[in-house]
Number of protein chains: 2
Amino acid sequence: MSLRHALLAMLDAGAMTGYELAKTFDQSANRVWHATHPQIYTELRKLEREKLVAAREEPRGPQGKATKRAYTLTEAGYEELSRWVSTVEEPTLPRDATYLKATYFEYASPDIVREQFATHLAYHTEQLRRWEWHVEQLRSRGTDLMQRRLAEAPESRHAAIVAYKVHVYEGMAERARAEVAWAERGLALVDRLEQD
Amino acid sequence: MSLRHALLAMLDAGAMTGYELAKTFDQSANRVWHATHPQIYTELRKLEREKLVAAREEPRGPQGKATKRAYTLTEAGYEELSRWVSTVEEPTLPRDATYLKATYFEYASPDIVREQFATHLAYHTEQLRRWEWHVEQLRSRGTDLMQRRLAEAPESRHAAIVAYKVHVYEGMAERARAEVAWAERGLALVDRLEQD
DNA sequence: TGTTACATGTAAGTCGTTACATGATTAC
DNA sequence: GTAATCATGTAACGACTTACATGTAACA
């Protein structure tokens with residue numbers, strides 16, 4: 001049940017609409033927890049009913065025919081976020097389809113295996129680039145979210161706020177590096193097996 | 001929908017009961033895909049209805065009052081397994097509650113943060129030990145499952161069968177090492193932040 | 001006699017995906 | 001005018017979790 005906490009956490013940096021949250025989830029800094037837009041809209045309505053967030057309907061465009069709903073954390077929402085952060089999380093049990101499939105690669109042709117490793121390599125190379133970019137942004141405190149967050153916190157906490165996020169994103173970058181290396185060793189392995 | 005393929009893959013090494021499959025999933029070599037026992041029993045019945053596996057009811061114990069159901073792959077099941085292995089898997093989108101939580105560790109006390117990193121460290125140290133053990137077992141071809149699998153395959157494929165599994169388990173070991181290192185750096189970080 | 005392991009399920013509920021559906025606004 | 005983006009949802013289905021439920025067999 002971490003989706004709600006991911007949402008609460010992002011709203012802690014300031015008001016956002018469901019649309020913005022979906023964007024932030026999928027392409028930007030918070031690619032640690034994946035969620036689709038129907039899930040996000042549904043959960044936001046649920047959080048609103050539980051009074052953990054409050055919605056403000058805003059007109060959109062000059063005519064204001066369209067509206068959007070900007071959500072903010074309530075006091076109760078903030079407390080729930082703090083409570084959650086202060087409980088120890090059990091490690092996630094693995095469920096990795098690529099690794100599972102790779103266990104049985106002897107049933108596939110070398111070309112398919114190469115394609116699988118190449119896809120893995122391309123994906124995680126791109127991810128690595130993203131994470132490294134985010135670490136850089138964080139260190140120079142360049143992201144919007146970080147600016148907003150720091151503005152609302154006392155200066156004495158600034159170091160910790162940045163440091164933990166850098167630690168997470170560096171961890172994600174390390175993971176991506178491990179996947180890139182794994183895929184490269186995999187490609188070398190196919191070649192070796194084919195030569196025999 | 002990888003649970004079914006995980007089951008088909010394990011049955012490829014020979015007949016097994018739901019109970020044995022659940023054990024194998026959770027504590028032994030195939031800890032790449034997690035599943036609970038109700039899920040496994042349900043999916044096996046479904047696979048049976050779809051004729052991808054066949055069940056043989058066997059008596060258990062000397063009186064044979066109790067029974068167990070041993071499942072084997074059918075020809076169609078084997079074909080489905082081959083088909084699946086030959087399709088390229090899209091990378092899994094991340095959903096990691098520990099990393100998500102760590103992003104907001106500034107809201108937790110240093111002791112809670114230490115406890116979280118220590119839990120992470122202990123878990124992945126244990127996992128690393130397991131994966132390294134499995135790699136050793138595989139290399140010496142010592143596991144039951146591997147013996148059965150090799151017995152049914154032509155000798156020319158033996159190298160590939162072992163090599164791909166070693167590659168996967170080494171990848172899992174590398175991942176565990178990365179998590180151990182991440183948790184250790186995390187513990188050092190808390191200390192540093194507390195000193196300032 | 002009691003505990004652990006073996007063995008198999010059902011049922012209720014939550015979480016997550018995919019497809020469907022709608023309409024305004026912006027930029028070309 | 002038309003395409004992309006902004007913006008918000010519903011509905012159906014499938015995957016997964018947790019609690020409940022039952023009984024045999026082996027071992028001390």
Side-chain angles (χ1 to χ4, degrees), chain A residues 1-7 15-28 31-50 53 55-71 84 89-97 100, chain B residues 1-8 15-28 32-50 53 55-71 84 89-97 100:
Chain A
M1 235 224 315
S2 283
L3 171 60
R4 56 172 43 214
H5 298 113
L7 292 169
M16 269 201 250
T17 67
Y19 189 84
E20 286 169 329
L21 285 162
K23 288 277 129 150
T24 311
F25 263 60
D26 247 27
Q27 29 154 290
S28 130
R31 220 184 195 316
V32 175
W33 193 272
H34 165 76
T36 57
H37 84 263
Q39 224 190 330
I40 290 169
Y41 285 117
T42 309
E43 190 65 31
L44 282 171
R45 289 287 181 164
K46 212 169 145 195
L47 288 168
E48 197 186 351
R49 284 200 300 279
E50 293 173 36
V53 303
R56 190 174 65 239
E57 223 157 284
E58 286 173 6
R60 194 160 64 83
Q63 283 90 31
K65 282 188 186 171
T67 54
K68 59 180 179 181
R69 296 169 63 80
Y71 292 91
W84 174 72
E89 196 69 35
E90 288 304 307
T92 316
L93 295 164
R95 214 171 258 147
D96 190 307
L100 175 62
Chain B
M1 235 220 318
S2 284
L3 171 60
R4 56 173 44 215
H5 298 112
L7 292 169
L8 293 175
M16 269 200 251
T17 66
Y19 189 85
E20 286 168 330
L21 285 161
K23 288 276 129 145
T24 311
F25 263 61
D26 245 27
Q27 28 156 289
S28 131
V32 174
W33 192 272
H34 165 76
T36 58
H37 84 265
Q39 224 189 329
I40 291 170
Y41 285 117
T42 308
E43 191 65 31
L44 282 171
R45 289 287 179 165
K46 212 170 145 195
L47 287 169
E48 197 187 351
R49 282 200 302 278
E50 294 174 36
V53 302
R56 191 173 64 239
E57 223 155 284
E58 286 173 6
R60 194 159 64 82
Q63 284 91 31
K65 282 188 186 172
T67 54
K68 59 179 177 180
R69 296 170 62 81
Y71 291 91
W84 174 71
E89 196 69 33
E90 289 303 308
T92 315
L93 295 163
R95 213 172 259 145
D96 189 307
L100 175 62

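Only heavy atoms go into these numbers, but all of them, side chains included; no hydrogens, no water, no symmetry mates. Note on naming: letters A, B, ... go to the chains in the order of the sequence lines (proteins, then strands), and numbering restarts at 1 for each one.
- With rounding to the nearest 0.5 angstrom, the CG atom of B/L47 is 8.0 Å from the CG atom of B/L3.
- Rounding to whole angstrom units, CD of residue A/E57 and C1' of D/dA7 are separated by 11 Å.
- If you take CD of B/E20 and P of C/dA7, they are 6 Å apart, rounded to a whole angstrom.
- For the pair B/R4 CZ and D/dC16 P, the computed distance is 12 Å after rounding to whole Å.
- Here B/Q39 reaches the OP1 or OP2 of D/dT17: one of its side-chain N or O atoms lies under 4.0 Å away.
- We find that CH2 of B/W33 is positioned 10 Å from P of D/dT17, with the value rounded to whole Å.
- In this structure, B/R95 reaches the sugar-phosphate backbone alone: every heavy-atom distance under 4.0 Å involves primed, P, OP1 or OP2 atoms, never a base.
- In this entry the distance linking OH of B/Y41 with C1' of D/dT22 reads 12 Å, nearest Å.
- Distance check, rounded to the nearest 0.5 Å: CZ of A/R69 to OH of A/Y41 gives 11.0 Å.
- Distance CD (B/E43) to P (D/dC16): 9 Å, rounded to an integer number of Å.
- For the pair B/A35 and A/K68, both in contact range of DNA chain D, the more 5′-proximal nearest nucleotide belongs to A/K68.
- Taken to the nearest 0.5 Å, the CD1 atom of B/I40 stands 9.0 Å off from the NE2 atom of B/H37.
- Here C/dT14 presents its C1' atom at 13 Å from CD of A/E50, a figure rounded to the nearest Å.
- Residue A/L44 contributes atom CG, which lies 14 Å from atom P of D/dA7 at whole-angstrom precision.
- Taking 4.5 Å as the limit, every side-chain heavy atom of B/V53 sits out of range of all side-chain heavy atoms of B/L7.
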Inset, instruction - Sugar-phosphate atoms are those with a prime plus P, OP1 and OP2; base atoms are the rest. Using that split, label each nucleotide of nucleotides 19-28 of chain C B, S or - for protein heavy atoms under 4.0 Å, 5' to 3'. - result: B---BSSS--
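- In this structure, A/R95 contributes its side chain and B/H34 its backbone to a donor-acceptor pair below 3.5 Å.
- With contacts defined as side-chain heavy-atom distances shorter than 4.5 Å, the pair A/L93/B/F25 does not qualify.
- Phosphate proximity of D/dT8 to A/Y19: absent, as no side-chain N or O sits under 4.0 Å from OP1 or OP2.
- In this structure, the nucleotide among D/dT17, C/dA7, D/dT8 sitting nearest to the side chain of A/T17 is D/dT8.
- In terms of position on DNA chain C, the residue among B/T42 and B/K23 whose nearest nucleotide sits closer to the 5' end is B/K23.
- Considering every non-hydrogen atom in both A/M16 and A/E20, the closest pair reads CA-OE1, 3.3 Å.
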